[in-house]
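Order of listing sets the numbers, starting from 1, for every ligand and every atom in it. Predicted model only: the values in this text are computed from it and were never measured.
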Amino acid sequence: GVPEVPARPIAERRVSRRIQVGPVAVGGGAPVSVQSMTTTRTSDVGATLQQIAELTASGCQIVRVACPTQDDADALATIARKSQIPVIADIHFQPKYVFAAIEAGCAAVRVNPGNIKQFDDRIKEIAQAAKDHGTPIRIGVNAGSLDRRLLQKYGKATPEALVESALWEASLFEEHGFRDIKISVKHNDPVVMIEAYRQLAEQSDYPLHLGVTEAGPAFQGTIKSAVAFGALLSRGIGDTIRVSLSAPPAEEVKVGIQILQSLGLKERRLEIVSCPSCGRAQVDVYKLAEEVTAGLDGMEVPLRVAVMGCVVNGPGEAREADLGVASGNGKGQIFVKGEVIKTVPESKIVETLIEEAMKIAEQMEQDGVGS
Ligand code: SF4
């Protein structure tokens, strides 16, 4: 089988302090976690819990819910209690909801120092309440809502401005002995965002929540996030990630998980190695890869399946995988663990691959791989 974690990690993880978001550890060498945010009205408890259940099923480990009104604040206790994954309340503008979220038993609270007025005066009380309940706080600085003072000082949301805002806010909490903090400094431009996190990583040991804010629709947002997170995680920077897409949140989770798997930071599940096809292809590779992917969707074991269009690289790649097909002449050579086990007509390739994949998966499960 494929090793669950590559022999050589992409980078030494930056040494960060560890916080607990409910049962999920963030920082201090804990696995990088994937989070997302609900799009329902939080006050609609049923719909919100339904979406949280869908997110949980897609592999989301931490979920954030917005809390713009008193009705939303009132819903937090039920949501926090019934959610299968830790719930973070996202608070803008209103310090009173920070207290409500802490009281409601949320696993953490996200505050945005740039837009909570009179926030600084109330830090002492917030720090005390958070300490009493063991609730960590994320200081979430966002380019779009940067502190006016810092905007004036730097002219725009530069990396330095984002970092200064975050560390200044953290220092206010620290003055009151509260250090149960993680930080994010989001920007929609990956170049600015990467530099901001790099500086932040150098200047503090807080665990970091990575995000490219307003990353855009699925295609653009996926690429921006993958590039930015890849640049940071490959330097060991980042403890939890949220991909922001103008798309359903379960899509964000899929992308987040795929990013971590690509970097070897999360155990790989199903991986389809398929060729891009070219003038030599003797089979419709796109269709074949899609059908195999669909057929194996939900597979819980780390399985690498090669789908190759011809016999040039086909047999080589298929041999490297747990399972594969190299097509040619209207037939498919099916490989398992490097051996051709049979040759089937093109029309039988998909079902044969799925059959063989199930057998391998069963074997892996018996051997305790991927559990
Ligand atoms: Fe082309 Fe064959 Fe390579 Fe696929 S495996 S890209 S068909 S040469």
Exercise for the section: Evaluate the side-chain proximity of L146 to Y154: yes if any heavy-atom separation is below 4.5 Å, no if none is. Expected result: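 A side-chain contact is absent here, since even the closest heavy-atom pair is not under 4.5 Å.
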Exercise for the section: Find out whether M193 and T213 are in side-chain contact, i.e. whether some heavy atom of one side chain is under 4.5 Å from a heavy atom of the other. Expected result: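 Result no, sub-4.5 Å side-chain heavy-atom pair not found.
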Handout entry: Set of residues satisfying ring pair (Phe, Tyr, Trp, His ring centres under 6.0 Å) with respect to F178, sequence neighbours excluded
Key = F173
Practice task
Please round to the nearest 0.5 Å and tell me the distance separating atom NE2 of H92 and atom CG of N142.
Solution key: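 Here the interatomic distance stands at 7.5 Å.
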Practice task
Take atom 4 (Fe) of ligand 1 and tell me which protein N, O or S atoms are nearer than 2.8 Å.
Solution key: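 Hits for atom 4 (Fe) of ligand 1 below 2.8 Å: C275 SG.
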Exercise for the section: Going by the side chain to side chain contact (heavy atoms under 4.5 Å, CB included) test, name the single residue among D205, I137, I19 that passes it with R179. Expected result: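 With R179 as partner, side chain to side chain contact (heavy atoms under 4.5 Å, CB included) holds for just one option, D205.
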Exercise for the section: Say whether, by atom type as modelled, one donor and one acceptor occur between the side chain of T69 and the main chain of D72 under 3.5 angstrom. Expected result: yes
